[in-house]
Amino acid sequence: LKMFRQFLKGGALLGVSAMAYSGYQTFSPQIENKARGKTRHHDPLQRSKEKSKVSHGSHVEEILLFTGNANIALSQEISDHLGTTLGKAKIGRFTDGECNIQIQENVRGKDIFVIQPTCPPVNDNLMELLLLISCLRRASAKRITAVIPYYGYARQDRKMSSRVPISAADVARLLETIGIDRMIAVDLHCGQIQGFFGPKVPVDNLEGNVVGLDYFVESNLINDLDNLVIVSPDAGGVHRAKLFLEGLSHRGADKVALAMIVKQRAAASQIARMDLVGNVKGKECIIVDDMIDTAGTLCQAAKELKENGASKVYAFATHGLFSGAAFDRIKNSVLEKLVISNTIPLKPDAPREKIQQLSIGVLIAEAIRRVHQKESVSDLWRNHLQSQNIVCIKSQYL
């Protein structure tokens with residue numbers, strides 16, 4: 001045993017084996033430390049919440065963040081959580097409207113993250129993103145990750161009629177061709193968009209409902225979490241609503257129910273009919289969706305729930321586009337509160353009494369940190385959704 005200890009001290013064994021025999025063991029959160037009678041909890045976002053600097057090991061390249069003009073406030077927030085600053089770049093327009101981009105610092109051999117949601121004006125922001133990536137690739141950046149909090153054209157993910165493009169796939173091909181090595185997105189409209197990128201370009205799709213879960217649990221909006229129903233506004237969003245329900249369940253709300261609204265469209269943004277599947281009578285409801293565009297579906301769904309006996313109706317969506325008459329519809333709706341994240345800048349004329357915007361910066365920052373430091377990204381959102389905390393206790397064997 002003495003010789004084995006000396007063998008470990010000499011550094012011959014690394015990783016899991018060394019950890020197991022150096023006096024520590026890892027257990028699941030369900031196992032209690034009966035000897036000590038306590039556990040140590042781990043918050044997967046803790047480093048970014050504390051704004052710790054990104055680690056630069058001997059085999060890790062220096063990190064640099066750049067941003068376009070789409071959402072500078074979010075980009076600044078992300079860089080703050082990573083304990084760094086945004087890279088210097090000139091991003092403007094020539095007199096004829098063309099993009100004028102110049103990187104103003106050395107990026108050779110560095111790990112670059114370009115933060116740019118392709119929100120309205122979609123084509124301008126997309127072109128900025130493409131030219132930024134091209135500029136960085138030509139300047140010999142070692143690795144380029146496109147951080148796209150909102151992926152424009154995502155709803156055009158398949159052919160719904162003859163002679164139409166699959167624009168979500170075409171945007172993916174543009175990004176891949178221009179030279180990205182990885183993409184980080186938040187709540188893609190549909191999961192198959194990840195498959196539009198080739199195997200050489202991994203895609204991390206972050207779960208934006210993490211911020212919504214914390215808000216609804218910690219705020220006083222919901223009177224009784226056990227009298228709550230999570231509602232999907234369409235059949236395609238049932239999985240998203242189910243994840244939200246499971247997140248609440250892991251936070252102690254074990255009696256939350258699930259419902260769904262089946263809608264039939266007459267045309268794009270025009271709903272012919274809605275039918276509720278599930279019981280909401282006397283319940284508080286949260287409609288969970290990935291984005292709000294014209295708010296027609298949302299407001300009509302809220303009305304349908306009230307007509308079926310719901311006491312209060314709230315909504316959560318990751319992306320707030322708010323096109324056309326969206327704000328007027330929301331102001332005149334039966335919604336108590338609409339909660340969104342800041343993946344897209346909120347317009348100045350938004351009805352603040354009904355819309356609550358939450359920051360998603362710390363989640364994206366931690367994802368960037370983990371990609372740069374070659375750590376698991378899936379553990380980040382899975383652990384946070386399920387409140388799984390790692391317990392590390394002293395071994396009694398050595």
Side-chain angles (χ1 to χ4, degrees), residues 68-75 77 115-126 128-129 148-157 167-168 171 185-190 206 208-209 211-212 215-216 221 231-234 236-237 240-241 244 261 263 265 267-271 274 285-305 313-361 363-364:
N69 293 316
N71 197 341
I72 297 174
L74 176 60
S75 300
E77 186 181 339
I115 307 167
Q116 175 86 331
T118 51
C119 53
V122 180
N123 296 332
D124 288 350
N125 290 330
L126 177 59
E128 270 189 13
L129 175 62
I148 308 178
Y150 171 74
Y151 187 94
Y153 288 104
R155 286 173 285 182
Q156 300 180 49
D157 61 330
S167 304
V171 170
V186 181
D187 260 347
L188 290 170
H189 183 63
C190 48
L206 306 181
N209 57 20
V211 296
Y215 177 80
F216 281 106
L221 281 180
V231 182
S232 172
D234 53 44
R240 187 179 297 108
F244 200 90
I261 290 177
K263 62 184 179 184
R265 289 189 181 274
S269 301
Q270 293 182 19
I271 301 169
M274 278 189 168
C285 299
I286 301 177
I287 301 171
V288 177
D289 208 349
D290 64 320
M291 69 176 73
I292 306 297
D293 189 1
T294 62
T297 298
L298 174 67
C299 295
Q300 196 165 335
K303 182 181 177 182
E304 183 76 17
L305 293 172
V313 181
Y314 304 92
F316 171 77
T318 305
H319 313 294
L321 289 165
F322 302 120
S323 306
F327 288 151
D328 290 334
R329 290 192 180 104
I330 291 168
K331 280 192 289 188
N332 299 322
S333 72
V334 297
L335 281 169
E336 302 286 335
K337 183 74 72 174
L338 167 60
V339 181
I340 59 169
S341 76
N342 61 341
T343 55
I344 299 172
L346 187 59
K347 297 175 183 177
D349 57 335
R352 299 282 180 168
E353 67 278 4
K354 280 212 171 185
I355 297 178
Q356 175 69 49
Q357 189 178 52
L358 307 177
S359 174
I360 203 166
L363 177 65
I364 298 175

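We use all heavy atoms of the structure for the numbers below, so side chains are in, but hydrogens, waters and symmetry mates are not.
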Contacts of type side-chain contact (heavy atoms from CB on, under 4.5 Å), residue N123, not counting sequence neighbours: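 For N123, the residues satisfying side-chain contact (heavy atoms from CB on, under 4.5 Å) (neighbours in sequence not counted) are Y153.
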If I take atom [atom1] from residue [X] and atom [atom2] from residue [Y], how far apart are they, to the nearest 0.5 angstrom?
| X | Y | atom1 | atom2 | value |
| --- | --- | --- | --- | --- |
| F327 | T294 | CZ | OG1 | 12.0 Å |
| N342 | Q357 | CG | CD | 5.0 Å |
| D293 | H319 | CG | NE2 | 12.0 Å |
| M274 | T297 | CE | OG1 | 5.0 Å |
| S75 | I115 | OG | CD1 | 4.5 Å |
| N209 | Y215 | CG | OH | 16.0 Å |

Please evaluate residues L298 and D289 with respect to the criterion side chain to side chain contact (heavy atoms under 4.5 Å, CB included), reporting the C-alpha separation (whole Å), side-chain torsions for both, the decisive distance (0.1 Å), and the verdict. CA-CA 9 Å; L298 174 67; D289 208 349; over 6 Å; no
Per the side chain to side chain contact (heavy atoms under 4.5 Å, CB included) rule, which among L358, T318, L346 passes with I340?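 Answer to the side chain to side chain contact (heavy atoms under 4.5 Å, CB included) test with I340 among L358, T318, L346: L346.
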Can you give me the closest heavy-atom contact between [X] and [Y], atom names plus distance?
| X | Y | answer |
| --- | --- | --- |
| L305 | C285 | CD1-CB, 4.0 Å |
| S232 | A241 | CB-CB, 3.9 Å |
| V186 | G208 | CG1-CA, 4.0 Å |
| G361 | S359 | N-OG, 3.2 Å |
| M291 | L321 | SD-CD1, 3.9 Å |
| I355 | A350 | CD1-CB, 4.4 Å |

Taking side chain as C-beta onward, heavy atoms only, is [X] less than 4.5 Å from [Y]?
| X | Y | value |
| --- | --- | --- |
| I287 | P233 | yes |
| L221 | E336 | no |
| P149 | N71 | no |
| E353 | K331 | yes |

Using atom types as modelled and distance alone, determine if a side-chain donor or acceptor of [X] lies under 3.5 Å from a backbone N or O of [Y].
| X | Y | result |
| --- | --- | --- |
| Y151 | A168 | yes |
| N125 | C119 | yes |
| E128 | N69 | yes |

Atom NZ of K337 with >12 non-hydrogen neighbours under 6.0 angstrom: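 Yes.
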Going by the angle between their ring planes, with limits at 30° and 60°, are F216 and Y314 parallel, tilted or perpendicular?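 Because their plane-to-plane angle is over 60°, the rings of F216 and Y314 count as perpendicular.
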Determine whether D290 and H189 satisfy the following criterion, side chain to side chain contact (heavy atoms under 4.5 Å, CB included), listing intermediate values before the conclusion. CA-CA 6 Å; D290 64 320; H189 183 63; 2.7 Å; yes
Check the pair I330 / C299 against side chain to side chain contact (heavy atoms under 4.5 Å, CB included), numbers first and verdict last. CA-CA 7 Å; I330 291 168; C299 295; 4.3 Å; yes
Worked verdict on I292 versus F322 for side chain to side chain contact (heavy atoms under 4.5 Å, CB included): CA-CA 6 Å; I292 306 297; F322 302 120; 3.9 Å; yes
